[in-house]
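Just follow the structure's listing: the first ligand is 1, and inside any ligand the first atom is 1. These values consider heavy atoms only, across backbone and side chains, with no hydrogens, waters or symmetry-generated copies.
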Amino acid sequence: MGELFHEQLQALRAQSLHRKLREIGTPQGPEVQIVGRQLVNFSSNDYLGLANDPILREAATAGIAEFGVGAGASRLISGTQSPHVRLEAALAKWKGTQAALCFSSGYAAAVGTIPALAGKADVVVLDKLCHASLIDGAKLSGATLRVFPHNHLGKLESHLDWARRERPDSRVVIITESIFSMEGERAPLRELVGLKKRFRALLLLDEAHAIGVVGLHGRGLAALENLTRDVDVQMGTLSKGLGVSGGYICGSRSLIDWLLNRARSFIFSTAPPPALAVAACAALHFLSTEAGEQRRQKLWERIETLRRSLAGGSAHFGPGKETGSAIHPLIVGNEEAAIDFSRALQLEGFLVPAIRFPTVAKNEARLRITVTAAHEETQIRQLAEAISRHRAESPTEA
Ligand SMILES: *Cc1c(COP(=O)(O)O)cnc(C)c1O
């Protein structure tokens, strides 16, 4: 027998679907260093530039000084440390819900929560473009799964209609994202809420890419649309706009009580490091200040700069602040072409990742550009110039 998985790996390479890690020797920020080379970073979800901000660094350091590094055990076993309690109170207050529960990642929040909401007798209905964590949680639940085409309300309605007719007594859970991670588009939340009420379903909304970005103080799409009370399960992550690490669920006290008794990724996993909870609290506090709101406004100026700089191209851009996000996909299609495009930009000093299957569908490979409040306007303009230069040279690629 040859090397383990040799043929499978070769097959991935042949399809331009092989992935490898790139070592970065610097903190996350608008510029990073890869193999000794400085690149302007358009790949990160650190939308407000908080990941390496002194506010968070100091909070985390103070957290370590007071609580050490490790959490020792699951919170149900060795006791729940004060930073986690404080963070959950702050999250609930910030989101306007009765309670909150933290997980060690957004992924853990999804795979722990969804199987606690639905079981074999139930129905889970997902948007086609939902994040892998939501799909994995739905599969793990053992519920009957139904998928509707991206943001397609008519198809969602017919699934709900089917579920209510065929399974009148089962729980029906609708799962979607407020801002889609690889598209940058928003969900039609008001209409979703209308449907969930009509069909007596629960709604789980993953706000991973909306937190810190939309709504006053970055509270997300449910808050922006004044629908907080209508979204039963509000999921999010501390790992993106908040610049830290970890996931959360916000909702009613009884929901949170149920999750802490049933969500296996919470029960059977060591609590996140307390210092990270201290840092996440500092991030939430910052967002609620005038300086935080200014930082968020700066992000929107940068988004606007990118939109204007790339205008006229084939980029999928929402029509503005009311529908936009910090994520801008440039759809290339072919996997190899996407990699070549990404490589060409890297040679010019820009880190823009090529996103391929299975993150997106086959032949829908793309460059995923994310801007942050920490970018300079000129960096964004230079990226747009490099993109249009590359397009002029290789018109088939984008
Ligand atoms: C990143 C992401 C997650 C997972 O969050 P982590 O904290 O990175 O594990 C969940 N849902 C969506 C939509 C995401 O983009």
Set of residues satisfying ring-ring contact (aromatic ring centres under 6.0 Å, His included) with respect to F286, sequence neighbours excluded: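 Per chain and number, F286 pairs via ring-ring contact (aromatic ring centres under 6.0 Å, His included) with no residue.
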Report all side-chain donor-acceptor pairs from residues 262-276 shorter than 3.5 Å, counting only partners two or more places apart or in another chain.
| from | atom 1 | to | atom 2 | distance (Å) |
| --- | --- | --- | --- | --- |
| S265 | OG | A108 | O | 2.5 |
| S265 | OG | G112 | N | 3.4 |

Neighbouring residues of ligand 1, heavy-atom cut-off under 4.0 Å: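 Contacts of ligand 1 under 4.0 Å: S105, G106, Y107, H131, S133, E177, S181, D206, A208, H209, M235, T237, S239, K240, G246.
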Using a 3.5 Å cut-off and no angle test, enumerate the donor-acceptor pairs between side-chain atoms of residues 62-73 and protein atoms at least two apart in sequence or in another chain.
none

H285 atom NE2, over 12 foreign heavy atoms within 6.0 Å: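 Not buried by this count: 12 neighbours or fewer within 6.0 Å.
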Sole candidate of L204, L205, L221, L134 that passes side-chain contact (heavy atoms from CB on, under 4.5 Å) when paired with E177: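 Output: one option passes, namely L134.
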Polar contact flag, side-chain donor to acceptor under 3.5 angstrom, Y107-H131: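 No.
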